[in-house]
Structure formats: C-alpha cells, structure tokens
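Worksheet: one structure, shown below.
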Amino acid sequence: MKTHKEVTNLEISELFRALAASLELKNEKSNKFRIIAYERAADAVEHLSSEAKDLWDEGKLEEIPGIGKSMAESLGEVFKKGTSSHFDEILKGIPPSVFKLMQLPRVGAKTASKLVHFLSLEHSKDPISSLEKACKEGKVSSLEGFGQESQKDLLLAIDEFRRFVKRHLLPYASNLADEIISWMKEDKSVLEAYALGSLRRMASTVGDIDMAISTNEPQKVLSRFTQYPKKTRIIEKGDKTASILLPGGVQVDLMVGNPVLFGSLLQHFTGSKHHNIKLREYAIKKNMSLSEYGIKVKEGSNETTKKFATEKSFYNFLSMEFIPPELREDAGEIELAIEDKLPKLIEVADVLGDLQIHSNFDTQTSHDVGESSISEISKKALELGYEYVALTDHNPSVSNHKEKDVLNILKKRREKIEEYNYSAKNNKNNRVIFIFNSLEIDILQDGELAISDAALNLLDFALVSIHSSFRQEKKTATKRVLTALSHPKVKIFAHPTGRLLNQREGIELDWNEIFDFCVKNNKILEINADPARLDLPDFLVREGVARGVKFSLGTDSHHKDHMDNMRWGVSVARRGWLKSDDIVNCLKLEDFKKVIQQS
DNA sequence: GCCGTTTTCGGCCCGACTGTTTTCAGTCG
C-alpha cells in the first residue's frame, strides 16, 4: 500500500494528545468527554502491541479499544495523505509550540497555552529554549497565574526533560527500589514496604519508581523518605505521599498507608491505570466505588467503606480471584478472574535448565565469547537447581575459516562436552548437570545458516538468531527467518525481534506467520532473559501462546553470574500469560531430549 | 468521541499535591 510516509505509534499518540489539548483549550466544558476519548485513544495507541498502520492495512483500526468509527476514518486519512481535514480543523488556531511545551513534565495544555500567549512563542522554532531564556530573565514569575516557584519549577522541568532517559531497565529500577526499601526498613515505624507500579508488574522498562509503605506513623515515614541520603532533591511532600529525585533522573514516589487498609493501597498503586479503570467501572455496576482507601458500598442512602489489609481480600470482595500483578493490564484478566479461570503462571522454581549460555570455549567467532568455563557454568547451574543447560557459543566466523577448520573446531568442542557429560554420569554421589551441545548460529541475509549441514550435524540442536541486516522489509525478513527455521537441526529462534531496549527497534516480522510455522514444525521461540533484550516481548508471547506456540527461556549469559538473570525472563513469560507447560525448559531432562529429537 | 450482560442513548474512575486564586485550577498517576 502506498502511503504518504510511515506514521509511528508514538506520532499518533502525540497527535491524539494534541487533539485533546486543543479541545481542552477551545471549550473544555462542552468537549469534556471528547477530551477523555482522545486521551484514552492516545494511551491505547501508545501501548499497542503492533503498529497502528499495520492494523489499518488490515482494516482492523476499530478493533483498538478507544478508537471508533470517527477516529479510525480520520486516522486512515493521516496514513494516506499525512493529514486529516477533521483533525486539522480541531487543531486549527492552536500554535504547535503549545504542544511542544506540553512535553515538559508538569506542563499541561493550559499552562503551555498561557506561556505561549504571554511570551509570544507562537512562531518560536524552539519554544522550550525560548521559555528557558524567559525564566532565566525572570519574566515568567510576573505573569498572571505564575510566581517565583513556578518559574523555578519550569527551569527544573526543562532540565529534566533534556537530561534524563525516560525509561529504566528492570534490574536497574529494581535495585534502586530494593536499596530504598532496605534503608526505610531500618526504621521500626516501617511495617511493610513494596515497589509498585510498572516495577511490581515487571514491565520490561520502568519510568518512575512507585512504592508503598505500611505504617502507623505516616509523618515519620514520609520525613525519613525525604531524607534518603542519595536523593538529589525533594519533588513534593504531603500528608500521604512524597516524591524524591535520585541521581540519573529517577523519580521515586512513595505512598504511605495504615496497615488495615494497606491491601487497597497496594492494589491501587500497582495499577495498571487501565486495569484499575476497568475494575472501577465493574464496581460501579455493583454500586461500589474503589479507591486507595477501600471500597465504598452504597445501599440505599447508606454508604459504608470496607477496608482491606491484603490485596487478596480486596479482589475477593469484588467476587474475583487474586490477580497476579504481571497480568494487570486490562487484557482480559478481570473477566477471567471473575470466573476463577486465571492461568497458573510459571515461576522461577519451575525452570529446570538454561537454554542459552556462552562458554569460554574458543569457537573463533566474530561475535563475543563467554568468560566462564564449562565446569563453572555447570556448578552455577547446580546451585540454581537445574538439571541441564545448553551451551550455545556463537558459530565460528565464516570469512576466516575453511569448512574443514569449522568442522575441526566443532568436533573438538563436541568432544569436550561429551567428556564432561561422561564424567558427570560416573559421579554417583551428587546431582549432575547434563550439557547440551548447541550453538547460536547467525541467520544470514537470505535466510541461509552461517555453517554447513556437516557442521550442524555435530550438534544436539541449534539456536538461530539475527545479528545483521535488521532493517529488511517485513516480507523479506519473515521469509528469511522461516528459511532458517526450516532446517531440521534448528529448534529455537533466539531473541526473535533483535530489539535492544532504549537502543534499537526490533526487526519487522509477520508474527502470525512465524507463530503458525512454529506450531506446525515444532520450532520454539526464545524468551531471552537479558535485561537489555527481554525478547520476545511480552505482548508477542501472549499472542504466540494463544496460537499454541512453545517457548524456551535463555539468559544469553556470557558469564556464569549472568545466569541469575533468569528471573527477568520468567517475568516476561508471566506477563505473556505462560504456564510452566508452555515452556520447554520446564520439562524434565528426558522429556526435553524428546522435544529436540522430534522433527 | 466511545461504548453496550439493565443502555444504540446517556453515561463516561478517583484522589493527592502544589502554587497562587482567598476557595480553586492545573497536573499527575
């Protein structure tokens, strides 16, 4: 389909936010619900599991919740022509610099509009810099509705906007949260402390860190929190919440609550926003109103508030089972919880092997070699309670080796692994780790594998992955992957999208075609537990398992200590609604052997 | 503008914090 240009989900959600802002500025009262509608649509597109443009190609735009006939039609115009007459009409009269200023934290439509008007930024090419200049010259504090404080805050907001990475990797955020929690717990008035929000839901990246603390002395706890030694500044502090900023631009928000209502507090601030909105809508139908303080129940003119010490009792009161945080995304979990039909999600302890580990065996590859030896890796695997691991060093570099050299390297490697397995087998006293002789093989540009059939035949099974030509067209890339997966020795497609969080978008593939091929041909999709990858992404895991795809978990370790990263991979699996029997390395050794032997 | 297990009309989640405005608006989650 010929289009004006590629319009990304991010651009669409920005467009929807601009539309909402525009309506808000023009006539907030009469547009109240249209504004909400555009904001919801912006949220929906931002969290979409595929490109909106692809959905449009397939005529499925209206299947996005929050996008109806009217928006779909105008959006279609945007895809076709780059602009929509209806949207343009709404945006008319609002200077684009207003929308630019709204990118600043704590600046909404009205503040932005006032600033643009008062400071004559209508035609400014860089309104943020112009605003910065005005603040520094002290011009903003004298504007109507602004003062010294707001002028100072604007300068801070500009600084934060420019300086800070917006999303943090999961282990990074998790470690920061753990540090604060243990520091807070040194104080006896802290009864319980948890990370909340996207961190508790184990999303692959985290924006702000949210926390809740159960206490009978809220003031004391909040004061301690704002005195956290590593903070760079206090953003706000009230009776129930406080926010601080850490070096690197991480904002930490704390909510405190009494133990008797801590369950509802946890629930409320764990989110997601969409989960909570759906839950409240459901509650309203039962004459209940939900908040972080509990559940208000209306009976006639009587209104009582029930309090909940635990989340479980909160959900149970709404006649549904407890919903694990990873599922709280309004993706059907509430409906299933009402019927008591949520899946029993995989746990770290269910994992019996790690299916992507790089050892220090020198395969003379052009990629990176691991740092740990086979015995170090197997010792670590024992500690983790595994039965087996797969050694998946990269294939020998193609350009530097003749076929004979490649075979020699791989034969030596096979002997070494066999020796290990043989001696382990004769070790009658202890538990031992079985080591699979595998390899992570490059998928070349045309879908051919980097090593020959003869070389492949020296392996127990092969992983394949893409390390070059990431920007192929969807059709070409899909064919490339399917060609590679077709080889009988190939069992696992590793880090399938090739994405690097905050650095590189994944390759574009026709996922339905990949899923169906995998189901039909017993191929397995990897969930790569490297925190910078977390690939396959959770939403694709969810779509894949719905079509019957099986998955593997691999840490992609290049050092034995990386094997601890398995928990992040498990979190992706849980967010993808996987049970242990959806994952091949939750199988016992003998059962897993059967999986890699089938063709 | 979207949506539907009381609805195709008439609803649309709830509350905290800050700054400036002396009673509330704006923003955020």
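Residue numbers start from 1 in every chain, and the chains themselves are labelled A, B, ... in the order their sequence lines are given, proteins ahead of strands. Keep in mind that this is a model prediction, so the values were computed, not measured. Side chains are part of it too, since the values below use all heavy atoms of this structure and drop only hydrogens, waters and symmetry mates.
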Separation of atom CG in A:Leu261 from atom P in B:dA16, rounded to whole Å = 12 Å
Between atom NZ in A:Lys69 and atom P in B:dT8, what is the gap in whole Å?
-> 19 Å
Taking the same atom, C1', in B:dT23 and in B:dG29, what whole-Å distance lies between them?
-> 25 Å
Residue pair A:Tyr194 / A:Phe262, side-chain heavy-atom distance below 4.5 Å = yes
Measure from CD on A:Glu46 to P on B:dG29 and round the result to the nearest Å.
-> 12 Å
Should A:Ser243 be listed as having a side-chain N or O under 4.0 Å from OP1 or OP2 of B:dC17?
-> no
OP1 or OP2 of B:dC12 sitting under 4.0 Å from any side-chain N/O of A:Tyr38?
-> no
Presence of A:Thr241 side-chain N/O under 4.0 Å of B:dC17 phosphate oxygens OP1/OP2 = yes
For A:Lys286 and B:dT5, what is the distance between atoms NZ and P respectively, to the nearest whole Å?
-> 15 Å
Taking OP1 and OP2 of B:dT18, is either one under 4.0 Å from a side-chain nitrogen or oxygen of A:Ser150?
-> no
Any A:His86 side-chain N or O less than 4.0 Å from OP1/OP2 of B:dG1 = yes
Give a yes-or-no answer on whether the side chains of A:Glu543 and A:Asn512 include a donor-acceptor pair shorter than 3.5 Å.
-> no
Mark yes or no: A:Arg34 above the aromatic ring of A:Phe16, with NZ or CZ under 6.0 Å from the six-membered ring centre and no more than 45 degrees from the axis.
-> no
Quick note, A:Glu236 side chain, CB onward, closest among B:dC17, B:dG15, B:dG1 is B:dC17
Once you round it to whole Å, what is the distance between C1' of B:dC2 and CZ of A:Phe33?
-> 12 Å
Between B:dT6 and B:dC2 - P atom distance, rounded Å = 24 Å
Over how many whole Å does the gap from A:Asp253 atom CG to B:dG15 atom C1' extend?
-> 14 Å
How far, in whole Å, is B:dA25 from B:dT20 if one measures between their C1' atoms?
-> 10 Å
Evaluate the salt bridge (charged side-chain N to carboxylate O under 4.0 Å, His left out) criterion for residues A:Lys69 and A:Glu73: first the C-alpha distance (whole Å), next the side-chain angles of each, then the deciding distance (0.1 Å), finally the verdict.
-> CA-CA 6 Å; A:Lys69 202 167 173 229; A:Glu73 205 172 292; 5.0 Å; no
Would you indicate whether A:Lys237, at its atom NZ, is surrounded by more than 12 heavy atoms from other residues, nucleotides or ligands within a distance under 6.0 Å?
-> yes
Taking OP1 and OP2 of B:dG29, is either one under 4.0 Å from a side-chain nitrogen or oxygen of A:Lys273?
-> no
Nucleotide of B:dT27, B:dC2, B:dG15 approaching A:Ala37 most closely (side-chain heavy atoms) | B:dC2
Gap between atoms NZ and C1', on A:Lys110 and B:dT18 respectively (whole Å) = 16 Å
Worked check of salt bridge (charged side-chain N to carboxylate O under 4.0 Å, His left out) between A:Lys53 and A:Glu51 = CA-CA 5 Å; A:Lys53 189 178 153 295; A:Glu51 282 297 309; over 6 Å; no
Any idea if B:dT5 is syn or anti, going by the 90°-from-0 cut?
-> anti
Span that lies between the C1' atom of B:dT5 and that of B:dG1, in whole angstrom | 24 Å
Taking the P atom of each, how far is B:dC17 from B:dC12, in whole Å?
-> 26 Å
Is the distance from OP1 or OP2 of B:dG15 to the nearest side-chain N or O of A:Lys296 less than 4.0 Å?
-> yes
Output the single nucleotide from B:dC14, B:dG1, B:dG29 whose closest atom is nearest the side chain of A:Asp210.
-> B:dG29
Compare the minimum distances between each of B:dG15, B:dG1, B:dT27 and the side chain of A:Tyr293, then state the nucleotide with the smallest one.
-> B:dG15
